[in-house]
Amino acid sequence: MALSYSNKVMLAPMVRGGTLPTRLLALKYGAQVVYGEELIDFRMLECERVVNPVLDTIDFISKADHSVAFRTCAAEKDAVVFQMGTSDPERAVRVAKLVESDVAGIDVNMGCPKPFSLKGGMGAALLKEPDRAAAIMTALVQACTKPVTCKIRILPTLEETVALAKQLEATGIQALGLHGRITPQRPREPINEYQYSIMQAVAKELTIPVIANGGSLDFKSYQDLITFRDQCQASSVMVARGAQTNMSIFNPEGLSEQLSVSTHYLELAIRYDNTLANTKYNLTKGLTAKAHSKRCKDTHDCSTMRDLAAMYGLTAVLEEQEARVAKLQEEHGFTLHATSIVDIEFSLHSHSYDTFSVFLYLMIGVALPHPCQALSLLVMLFAVDQEDEVAGTVLAHLARRDVDDNDAVAAGEPASKQAKQDPNIVMMKIEYKRKYGRPAPPKAKIHEYCTMHKLDQPTCISTEVDRRFYAICTWLGQQYSTSVSCKSRKDAEHAACLVALLSRGLAHAKEGEEGYDYVNFRTSILK
């Protein structure tokens, strides 16, 4: 039976918040349709569909880094909508055909206001190109056997919004998601009366279901969802942040206690091998109202899934699942693919990617074949040919925290020379710039590596000089740093950790005439 979008209460798509355990939790508490997190077409086109007999799931696994981009299971097959980010009809169709047998519907994100989406011609950028948006939806409707929808934002005027909505309806889509804010507005800004009137006009003009979205500021109960839907005169309603705070908002009988909801979530995360980072993210989102509580802090501080399980009284559940997984892996000869520790091995030449595209892939898992696409997104990890004159002095200052004051400066040498000649400090000319977190940044990579191999975790110390930052990473008896200043303390620590990864062969770079030309990036997962 085809998925119906009429008179439904839905979980909206959320980056990091729309993974499998969250979707299943929403269904448990009464959501009728659940959207996955937006996944970019380029990333999905590098994936292959894999039947996972250990978890009883369908996994879409990257051929490049073997990470799981999208995971689903039979329990949600009739309710899950796959949302993609795309700017091209042909790519959109290829992605849809890859996943449509395992989902209930296909959706295109036309509302994301983030710079990444806008610069790539995706998300809210499509609102300014209605003909391109319509071409994408027409191609999908003609090619897909499952219902096709899209989610947009309102435009500045009622007339513009209605015109776009009707143009999209004419492509044959089954429903239209409508967020009640214009592109520049942030979630903390309430929807005003004129914007409500725009949503009402769209709902009145279209013959397909309109799904109202954007009311999370006012969502405290299930009844609030219905009130918002009715105020927009829409057919259905979808909720994002209001559900993250407490997923039981979908229950008409009232909210459940947050600890109970969080515990149920963690059980699902354990059952479906969710990543530690994503699990912690969603648990702490559920504790937003108690951000300064001990439980929230302790959740954030957990360094392993075992720590989380112990904290929520699920150690036995975790151990039972570990035993079950081990048995099934042996029975089926199937090894679970890493979902957080990435193993990337690719060549610039064999993949015909320019350097900046490789940098982009390392950061967000998206492969862009054209240099301009990578450059336009400004997501780079690169080496620089610049020696900051104060770097040596600052590094010496940092190093002195770990040595006796009498040994701080070598005899007859200034502090800057001491830092550069100190055999205990490995230095490279590396600047780290991070905008998007896929895969995880260097500091997290080291943490994962240490957790897997039961090694001591690194420590980072940093300082500020002229509004720029320097850091030293001390790991396994060795100190690492970069001679280039960074714009933030966090970036400086990531840069120092990247030097540690490079130096220990956990990341690989080819030294060139100007700094380093990154060829490979990998995190060892060998036992």
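The figures here come from the full heavy-atom set of this structure, side chains too, leaving out hydrogens, waters and symmetry mates.
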Within the 6.0 Å centroid threshold, strictly below: F250 and Y222: no

Is the closest side-chain heavy-atom distance between T299 and S262 below 4.5 Å? no

Are any of the side-chain heavy atoms of I182 and Q195 separated by less than 4.5 Å? yes

Side chains of F70 and D59: closer than 4.5 Å at any heavy-atom pair? no

Are the charged groups of K220 and D224 less than 4.0 angstrom apart, N to O? no

Measure the shortest side-chain to side-chain distance between F82 and D107 over non-hydrogen atoms and say whether it is less than 4.5 angstrom. no

Side chains of I270 and E322: closer than 4.5 Å at any heavy-atom pair? no

Side-chain heavy atoms of M238 within contact of P13, under 4.5 Å: yes

Do L11 and Y35 have side-chain heavy atoms sitting under 4.5 Å apart? no

Tell me whether the NZ or CZ atom of R43 lies within the 45° cone about the ring axis of F60 and under 6.0 Å from its centre. no

Using modelled atom types only, decide if a donor and an acceptor are shared between the side chain of T161 and the backbone of L155 within a distance under 3.5 Å. yes

Should R132 and D88 count as an ion pair when the cut-off is N to O under 4.0 Å? no

Any salt bridge linking E493 with K443? Criterion: basic side-chain nitrogen under 4.0 Å from a carboxylate oxygen. yes

Ion pair present between E205 and K166, side-chain N to carboxylate O less than 4.0 angstrom? yes

Working for side-chain hydrogen bond (donor to acceptor under 3.5 Å, both in side chains), residues D307 and T304: CA-CA 5 Å; D307 292 340; T304 66; 3.2 Å; yes

So, are E90 and R94 salt-bridged, with charged N and O less than 4.0 Å apart? yes

NZ/NE/NH1/NH2 to OD/OE distance under 4.0 Å, E76 and R23: yes

Option passing side chain to side chain donor-acceptor pair (under 3.5 Å) with N213 (candidates R229, R153, H179): H179

